[in-house]
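The sequence lines fix the lettering, A, B, ..., with proteins before strands; numbering per chain opens at 1.
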Number of protein chains: 2
Amino acid sequence: MHVGEVAALAGVTVRTLHHYDRIGLLSPSGRTASGYRQYAPADLERLHRVLLYRELGFPLEEVATLLDDPDADPAEHLRRQHRLLLDRLERTRAMVAAVEKEMEARTMGIDLTPEEKFELFGDWLPEEYEAEAEQRWGDSEAWAQSQRRTRGYTKDDWLRIKAEGDDVERRFAEALRSGVPADSPQAMDLAEEHRRSIQRNFYDCPPAMHAGLGRMYVEDERFTAYYERVAPGLAQYVSTAVQANAARQAG
Amino acid sequence: MHVGEVAALAGVTVRTLHHYDRIGLLSPSGRTASGYRQYAPADLERLHRVLLYRELGFPLEEVATLLDDPDADPAEHLRRQHRLLLDRLERTRAMVAAVEKEMEARTMGIDLTPEEKFELFGDWLPEEYEAEAEQRWGDSEAWAQSQRRTRGYTKDDWLRIKAEGDDVERRFAEALRSGVPADSPQAMDLAEEHRRSIQRNFYDCPPAMHAGLGRMYVEDERFTAYYERVAPGLAQYVSTAVQANAARQAG
DNA sequence: GCTTGACCCTGACGCGACGTCAGGCTGTGC
DNA sequence: GCACAGCCTGACGTCGCGTCAGGGTCAAGC
């Protein structure tokens, strides 16, 4: 195969292949009499690995040392790439969660601290996050996928939505005032309505994620303060109702 | 706040902030009498957005036009960033799936075509992949997370593992030869053993993913050929047993 | 056999997003 | 009052290519 074909196959430019040849990262294993580069199947394999490591953010020089390590067999590379990709998956998921927290905060008019906003850029320790996310969101995988529907909302929608949320809040406060238990079917129905409202308007919110939000309402003082300002005891009330509802859905 | 603090908070260097100031992407809203940069909270918010868009691969000039668009309010940015992050999540997931396919192929000594290996780098159309992945892996979310255990395998492990896999295969072939139905408890038990073997050795493999592998064994001719070479009809046999077992686990 | 047009070659310069000194001013603790 | 950390502004270096420039190659069609 010559450069053009390889470039088209791999989705890179010819110039890139020239560059990789020049710096010795990937030199084609042959040349024609007239000097044309000839790529063998093994060269393609190497290119494949190069592109994956590059995608993962390695500088080309480091890629070269990785690939030229005599102790690293193909399986070794696959395992490393697999691990790195899973790290990236986790990191992206954390960023999605952070943006969602901001969205949730914004709809309630709560300001996050600067530290909180930037925390997702800090030096990323997957193990640390893992446990936290697990606890916060439960099955954090299941909800992440289906959230693609939230795209393409217009500004007007958000006003309508805000009104809708206020309505549910008001009825929660009413239930609390008239002594309806937080784990009663009536309160759970309100919680379910709350969940469906989020689901329709903001992002897909399966019961497990909803339960996570519920916990946040009592654990994060700013969310607590938001509800407490509507009515005293409402944060705990909503939290309990939401979690009871989630348990009901799961059971 | 002055540069050093902001840099530490956001996890960037002072030089980066100088650069953003120079190119007009993020100029601090004030200076002290002696010329020190003074960053206000609003500057931090802008920086936060800058870093997220940068992380998502936008060139800085484009980031500037995005942020200076008078029609784009904060919610607009959150929605866009959310959408872009979900795209990235999907793309990373596809790459993970591709690497896993390679791993699976390698353990069976099957070569993937160059096109297949590079397909994940092609111009990425999320919708296209979505349907395919859904069909291939079922609940592709649920299994992705728990795979972090596969890290840190040594070379020796893989030899032991290969022997283990061969053993299960041999017993599958035996069951097929002696007329044990593929959806019988006995065959399903073998399938479960197969799944657990993968789970222990290669990557976490919940029933849904295992069922996906089972489908691949009959749909991808090279995997089919692998099993058929062990015994005629074995590909379909294993596939059926695996999927029956997955259904049993789910029920 | 000759042209045409697509593809290949090797320099060489340019660019984006900073890293990295150099040389000098500022602000705080002892 | 001085040491030392932290701030300033140039200015040059680096990495991973993009983008010409100037010239050779090759299969197709006339």
Give a yes/no on whether any side-chain N or O of A:Arg15 is located under 4.0 angstrom from OP1 or OP2 of C:dC9. no

With a 4.0 Å cutoff (strictly under), does any side-chain N or O of B:Thr13 reach OP1 or OP2 of C:dC18? no

Is there a side-chain contact between B:Tyr53 and B:Glu62 in this structure, where contact means two heavy atoms from C-beta onward sitting under 4.5 Å apart? no

DNA chain C nearest-nucleotide lookup for A:Gly4 and B:Pro59: closer to the 5′ end is A:Gly4

Closest nucleotide among D:dG10, C:dT10, D:dT25 to the A:Tyr36 side chain: D:dT25

Rounding to a whole Å, what distance do you find between A:Phe58:CZ and D:dC17:P? 15 Å

Nucleotide nearest A:Leu60 (side chain, heavy atoms from C-beta), chosen from C:dC18, D:dC17, D:dC8: D:dC17

Of all the choices, C:dG19, C:dA17, D:dT9, which nucleotide is nearest to the side chain of B:His19 once you look at every atom? C:dA17

I want to check one thing: is the phosphate of C:dC18, taken as OP1 and OP2, less than 4.0 Å away from some side-chain N or O of B:Arg54? yes

Look at all strands and tell whether B:Thr32 reaches a base, only sugar-phosphate, or nothing, counting heavy atoms closer than 4.0 Å. nothing

Side-chain heavy atoms of A:Met95 within contact of B:Glu55, under 4.5 Å: yes

Using 4.0 Å as the upper bound for N to carboxylate O, is an ion pair formed by B:Asp21 and B:Arg31? yes

Closer than 4.0 Å, any side-chain N/O of B:Ser34 to the OP1 or OP2 of D:dC7? no

A:Arg37 vs C:dC8: side-chain N/O to OP1/OP2 distance below 4.0 Å: no

Within the structure shown, what part of the strands sits under 4.0 Å from B:His18 by heavy-atom distance: base, sugar-phosphate, or nothing? base

